[in-house]
Amino acid sequence: MPWNMRDYPVSMKNLPELVRKKAIDIGNALLADGYPDDRAIPIAISQAEKWYENADTKEKAAFQKEANPSKRDKHESRGNSELIDANEIVRHQDDGWAVMAEGAKQASEVFSSKEAAVKRAREIARNKESTIKVYRKDGRLQDEITPRK
């Protein structure tokens, strides 16, 4: 069920207001994409906190001025529902170590170190309850990791 700034999951209660607003917005988009509540919530919170950490003052101010998310907001389904349960992959590419869902066309994030990429993949896989496939720089599979909750 979609959320708004008055009716949202208890786990969002102690988030700063702007982070909560972003988490609700992300969560509603995930729900529209077919994610179940129990998976959308931790992913939305994690992504909102990361957005807040990386957004500059101008971006935060612009988002603050936007209308609050509502239960009736329309979110276009991106058609990536098959990626909901997909394993996460860590592999090297020209610009660094990529973290991506298995089957995705592009990386969700790229890191300068393999360790940072694996750490982020663990967070995502833990939220998705999936496995991580870590590849060597030469493209061979190095390890499969199933993070614990």
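By convention here, the first residue in the shown sequence is residue 1.
- In this structure, CG on N87 lies 5.0 Å from CD on E102, to the nearest 0.5 angstrom.
- Nearest approach of A40 to L31, heavy atoms of both residues: CB-CD2, 4.0 Å.
- Annotation: the span from D25 atom CG to F63 atom CZ amounts to 5.0 Å, rounded to 0.5 Å.
- A distance-only check finds no donor-acceptor pair linking the side chain of K114 to the backbone of V90 [under 3.5 Å].
- For E17, the CD atom counts as loosely surrounded, since its 6.0 Å shell holds 12 or fewer non-hydrogen atoms of other residues, nucleotides or ligands.
- S108 places a side-chain N or O within donor-acceptor distance of the main-chain N or O of V99, the cut-off being under 3.5 Å.
- Taking every heavy atom of both residues into account, N4 and P69 meet most closely at CB-O, 3.4 Å.
- Annotation: cation-pi geometry not satisfied between K22 and Y52 (NZ/CZ under 6.0 angstrom from ring centroid, within 45° of ring axis).
- Closest heavy-atom contact between F111 and A116: CD2-CB, 3.8 Å.
- The CE atom of M100 lies 6.5 Å from the CD1 atom of I89; values are rounded to the nearest 0.5 Å.
- Between E123 and R120 there is a salt bridge, with a side-chain nitrogen of the basic residue lying less than 4.0 Å from a carboxylate oxygen of the acidic one.
- A donor-acceptor pair is defined here as one N or O able to donate and one able to accept, closer than 3.5 Å; such a pair exists between the side chain of R136 and the backbone of L141.
- Rounded to the nearest 0.5 Å, atoms CG (L30) and CD (Q47) are 8.5 Å apart.
- Using a cut-off of 4.0 Å between Lys/Arg side-chain N and Asp/Glu carboxylate O, K58 and D56 are scored as not salt-bridged.
- A heavy-atom distance below 4.5 Å is not found between the side chains of W97 and V134.
- Interatomic distance, I24 CD1 to R6 CZ, rounded to the nearest 0.5 Å: 11.5 Å.
- When atom types are taken as modelled, the side chain of R20 and the backbone of K13 share a donor-acceptor pair closer than 3.5 angstrom.
- The NZ atom of K119 sits 12.5 Å away from atom CD1 of I124, with the distance rounded to the nearest 0.5 Å.
- Taking every heavy atom of both residues into account, A48 and A23 meet most closely at CB-N, 3.4 Å.
- Formation of a donor-acceptor pair under 3.5 Å by the K21 side chain with backbone atoms of Q64 is found in this model.
- Of all non-hydrogen atoms in S11 and I41, the two that sit nearest each other are OG-CG2, 3.1 Å.
- Using a 4.5 Å heavy-atom cutoff, the side chains of P9 and D37 are not in contact.
- Y135 is not connected to I132 by any chain of hydrophobic side-chain contacts under 4.5 Å among Ile, Leu, Val, Met, Phe, Trp and Tyr, and they are in different clusters.
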